[in-house]
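We name chains A, B, ... by the order of the sequence lines, and we start the count at 1 in each one. Basis for what follows: all heavy atoms, side chains included, without hydrogens, waters or symmetry-related copies. Note that this is a predicted model, so its numbers are computed, not measured.
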Number of protein chains: 2
Amino acid sequence: MVDKTSGVPVHRQVAADLRERITAGEYAPGDKLPSERAMIETYGVSRLTIREALSILRAEGVVVTEHGRGVFVRPPASIQRLSRSRLSRAARAENKGAFLADAAAQGFTPSSSVRVRFEPADERAAGHLGIQPGDEVTVRDRVMRADGLVVQLAVSRLPRTFTRGTAIEEVDTGPGGAYARLEEAGHTIGHYAEHVGSRMPTPEEASALQLGQGIPVITVTRVAYREDGTPLEMNDMVLPADRYELTYEWAAE
Amino acid sequence: MVDKTSGVPVHRQVAADLRERITAGEYAPGDKLPSERAMIETYGVSRLTIREALSILRAEGVVVTEHGRGVFVRPPASIQRLSRSRLSRAARAENKGAFLADAAAQGFTPSSSVRVRFEPADERAAGHLGIQPGDEVTVRDRVMRADGLVVQLAVSRLPRTFTRGTAIEEVDTGPGGAYARLEEAGHTIGHYAEHVGSRMPTPEEASALQLGQGIPVITVTRVAYREDGTPLEMNDMVLPADRYELTYEWAAE
DNA sequence: TAGTGGTCTAGACCACTGA
DNA sequence: CAGTGGTCTAGACCACTAC
């Protein structure tokens, strides 16, 4: 089963063997693997070696361990697909923003909590918003839930010059959300840009999004621009990578 | 330094302490952390406990370990930004495809190896390409390098009915790449769609892309459609998440 | 209560790096 | 060569799950 003279670390051999059996279908998604103590017998190695092998598979997102229950092949999460059409004015007219529009389309019960605060812009925010570091920005910190489960974190920043006296500085921005309030104030949105990346979550994000080991987050920074090109809003979103796929479409040329 | 009666696992406390010192700037990017044996003294715990703490930070992408040298704060990688304009016909006219256009813009020396093969479409490919599973597709398997380093993997699939008799079935597709050959054959491209996700790399991807622990990959599936809506090509790309950011822009409405 | 994974110790030897 | 991280053992006790 394992070759201790091959030079390849034994725990890697065990991990490779288990990975093969899983991809071959010997253990299906959701199935329980043998217990660690059973694997000690099977492979003839110490418990730590087994646990190192399982640690590799956890980091790859292949298995999940549950204390007191066992080790299981990770079942695939249901993927939600997001496309940019959710930002259309037509959707805004009927709903309260992009997230509620998604909920209506995908059939889950949405909820969200918002905290509003004001702070000086940092280097990065100033760069995206075309203002000076230290200029005051309105910050809307949102946690979005689907059927009670946290599925998305979003931090929106706007130069305060655009939000003073509007409902954007309130917890409830009203029908159509912040973008609708901006347009009412004469700031018609001209175009959007989204910057997409990925990384491992911070411990705070991992617990907020209830992420298991081996699940990255997708980061999306959306910047909304006025028709004259002035940046109006920067929105930093963090999505669990096992539950989201983003779709972008555009005409050739 | 650590509280063994708090109920919080000691290795998590050590990881949290190191993480704090790193974010506080006590250890800057590229700095060497104390050796494992030094930390045994500092924290008064066994070596395994220290190594478990470091394993957490490695999985988060916060530190990298180098055998025989030490543990280092991960230095930030230089980010390459990709925007959809690289797919314009204007860029194609002067270059050999999107990757070479990027190279010209960003100033690195590109190289790539291609393998061409033919195989029956699987379920997923058939779905994206609007054909039947089992129908023959032309597969172009590409490894792209910047200054000798592998930076991108791409697998392109086209229904063979569109590629027969064209240079798309050759290793060298000629000036402008496969898209230029398609248009010459009368298949004018109408629009593109890109589906973006993220996950941890497979062991094969991790070694090909020389990914350290704690670095996810960004997956991009691009589908090119003819003006009448017929899918022409599906391109599965795998990018190291620490070196790429994708940008999409579009007009409001 | 039995079985599971989670945490931790003390010690050993190996492989790699750099002076 | 000394110092570093990588691998592995044998054993112990704890915390959680499920019957």
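Between A:M39 and A:P34, the shortest heavy-atom distance links the atoms CE-O, 3.1 Å. Here the shortest heavy-atom pairing between A:L57 and A:A15 reads CD2-O, 3.8 Å. Here the closest non-hydrogen pair linking A:F72 and A:E66 is CD1-OE2, 4.0 Å.
Separation of atoms CG (A:L153) and CG (A:D236) is listed at 11.0 Å; rounding is to 0.5 Å. A:R145 CZ to A:T109 OG1: the interatomic distance, rounded to the nearest 0.5 Å, is 13.5 Å. Atom-to-atom distance recorded for B:E205:CD and B:Q210:CD is 14.0 Å, nearest 0.5 angstrom. Within the model, atoms OG of A:S83 and NE2 of B:H195 stand 10.0 Å from one another, a figure rounded to the nearest 0.5 Å.
Within the structure, a side-chain polar atom (N or O) of A:K4 is placed less than 4.0 Å from OP1 or OP2 of D:dT9. At least one side-chain nitrogen or oxygen of A:S35 sits closer than 4.0 Å to the OP1 or OP2 atom of C:dT4.
Judged by distance alone, the side chains of A:Y43 and A:Q13 never bring a donor and an acceptor atom under 3.5 Å apart.
Place B:V8 and A:E36 on DNA chain C by their nearest nucleotides, and A:E36 ends up nearer the 5' end.
Computed from coordinates, the B:F72 CZ to D:dG5 P distance equals 8 Å when rounded to whole Å. Taking atom CE of A:M39 as the reference point, atom P of C:dG3 lies 17 Å away to the nearest angstrom.
Near DNA chain C, defined here as any heavy-atom distance below 4.0 Å, there are no residues from residues 9-22 of chain A. Looking at residues 41-55 of chain A, you'll see A:R47, A:R51 sit with a heavy atom under 4.0 Å from some atom of DNA chain C.
Two residues are said to be in side-chain contact when any heavy atoms from C-beta on lie closer than 4.5 Å; A:Q80 and A:F108 meet this criterion.
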Nucleotide-resolved protein contact map, nucleotides 14-19 of chain D, B/S/- at heavy-atom distance under 4.0 Å: -BBSS-
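Side-chain N or O atoms of B:D17 include none that pairs as donor or acceptor with a backbone N or O of B:V14 at under 3.5 Å.
For A:R47, the CZ atom sits in a packed shell: over 12 heavy atoms of surrounding residues, nucleotides or ligands are nearer than 6.0 Å.
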